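Take a look at the structure set out below.
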Amino acid sequence: MSAQRILIVDGDQASLKYLAYSIGKAGFEAYTASAGKEGLIVAWRERPHFIVIDPVNFNDISIVELYHKLRNDPRTAKQPIIVFTSAVDPQAAQQATQLGFDHFVVKDSEALPTLLDIFQGKAVSAGAAAPTFQERTNTRMGKTIVFLSAKGGMGTSSLCANLGTMFAELFTQKKVAVVDLVLPLGSIAPIVGYKGPLNICEACSMPPEDVTVDYLHDSLPDTGLWKFQLLAGCADPHTAEELNVAQIPGLIQKMKQAFDYVLIDLGRSLSRISMPVILDADQLVLTIGPDQSTVTLTKTVVEYLRIRGLQNMQIYPLLNRAVGLEGMITSKIEEILGLSVTAAIPHIGSEFVLANNLNQPLSYKLPDNVATIAFRQAAQEIERRAQEVREKGFKHI
Ligand SMILES: Nc1ncnc2c1ncn2[C@@H]1O[C@H](COP(=O)(O)OP(=O)(O)OP(=O)(O)O)[C@@H](O)[C@H]1O
Ligand SMILES: [Mg+2]
């Protein structure tokens, strides 16, 4: 049986190439067009089984006109047309279905599995009982809190692990998981003392249907004193090279279904792998140090994230004086970044390293330390902001 043909029409080259590559890997034959009229030509020539269109990224023809031209030509009258966009407006889905599009898929971390379900006939069309965009964003999904830094050595992994413990201690009824996505070598496992074989490389090499929500619940190791379950990072660079990155979005999606809080260490990575995770985060914790070069680099990162549609409410700058410097004053950092900095973890010298070396969370080793208190406040604030992001619908860029 020959592969199903999928046409993707998107003016955003990165998005176009990534989707074509991913669906090609999944066994479909991808055709691409970077503008509406080119899309029409390819559609009529190739007669794809499905047509995926991002209406935002081209303007040579309106989406309404493109839709009618496709529908009024016998070669493309019946093929399902999928709107695939990063539109923030929740009403966009409703408008798209009213126009007659078959599906509306948001460019977020669950986009690829959703599209594959549609191509494989597993998804119901938008006109029928399929969950709407609004319903989908309201379904009970764990909150993702993503940790990123513009520079290495800022304490991102230590902060991610310790905040994971804080979340578990503050919200005792909730299930907390930490995911280490730092490539090629994860560092959360050594921090918490996990030496087992289950890690991100392993999880991504399994058939996706085997990595169920129940599997994640049951198989991800408990970390003892740390009180969260861990999806460890790659344990050696060689395995990291083999990492099946196409599985990551689906895996994160299942993590969100399995846990109430999913904290993800991304290290310094702004890549094709990490960007969808960042754009889908309820909170992006940006670890910064109080030195000029870190703040300048962080400013560049923040500007880029704003262009990609992240709102200030989604970004939480966390000042960590990991390097033992008083350095720049907070107000100066705030001015440069255009963000308020409400939390700072003090430099606690060798105590931090010692706790890490003993594989102990700070709240256990030093329960009354100022750093522990700062972690607690930060965790509370991050949860409050994540909740606000959910309620106000900032998410889904
Ligand atoms: N507030 C702090 N006070 C003292 N030491 C700290 C503090 N924060 C982090 N450290 C120490 O700094 C070192 C680097 O921390 P960590 O590995 O968490 O940073 P990172 O940003 O994840 O680094 P990488 O870029 O390698 O991923 C560790 O030894 C850690 O114990
Ligand atoms: Mg790290």
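In this text the structure is predicted, and so the values were computed from the model without any measurement. Note that ligands are numbered from 1 as they come in the structure, with each ligand's atoms numbered from 1 the same way. Note that these values count all heavy atoms, side chains included, but never hydrogens, waters or copies made by symmetry. The residues of the chain are indexed from 1 along the displayed sequence.
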Exercise for the section: For ligand 1, indicate whether the residue A371 contacts it via side chain, backbone, both or neither (heavy-atom separation under 4.0 Å). Expected result: neither
Handout entry: Close approach of C160 to ligand 1, heavy atoms, under 4.0 angstrom
Key = no
Handout entry: Min heavy-atom dist G267 to ligand 1 below 4.0 Å
Key = no
Handout entry: Min side-chain heavy-atom separation I6-F119 under 4.5 Å
Key = yes
Practice task
Answer yes or no: are there more than 12 heavy-atom neighbours, outside Q173 itself, under 6.0 Å from its atom CD?
Solution key: no
Handout entry: Short N or O distance, G153 and ligand 1, threshold 3.5 Å exclusive
Key = yes
Exercise for the section: Please identify which atoms of ligand 1 are closer than 4.0 Å to at least one heavy atom of P346. Expected result: 1 (N), 2 (C), 3 (N)
Problem - I348: numbered ligand 1 atoms lying under 4.0 Å from its heavy atoms - result: 3 (N), 4 (C)
Practice task
Record the part of N320 in heavy-atom contact with ligand 1 below 4.0 Å; permitted values are side chain, backbone, both and neither.
Solution key: side chain
Exercise for the section: Return yes if a side-chain donor-acceptor contact under 3.5 Å exists between N244 and S205, otherwise no. Expected result: no
Problem - Closest to atom 30 (C) of ligand 1 among I188, V182, N356 (heavy-atom distance) - result: N356
Handout entry: Heteroatom N/O/S of T156 within less than 2.8 Å of the Mg ion (ligand 2)
Key = no
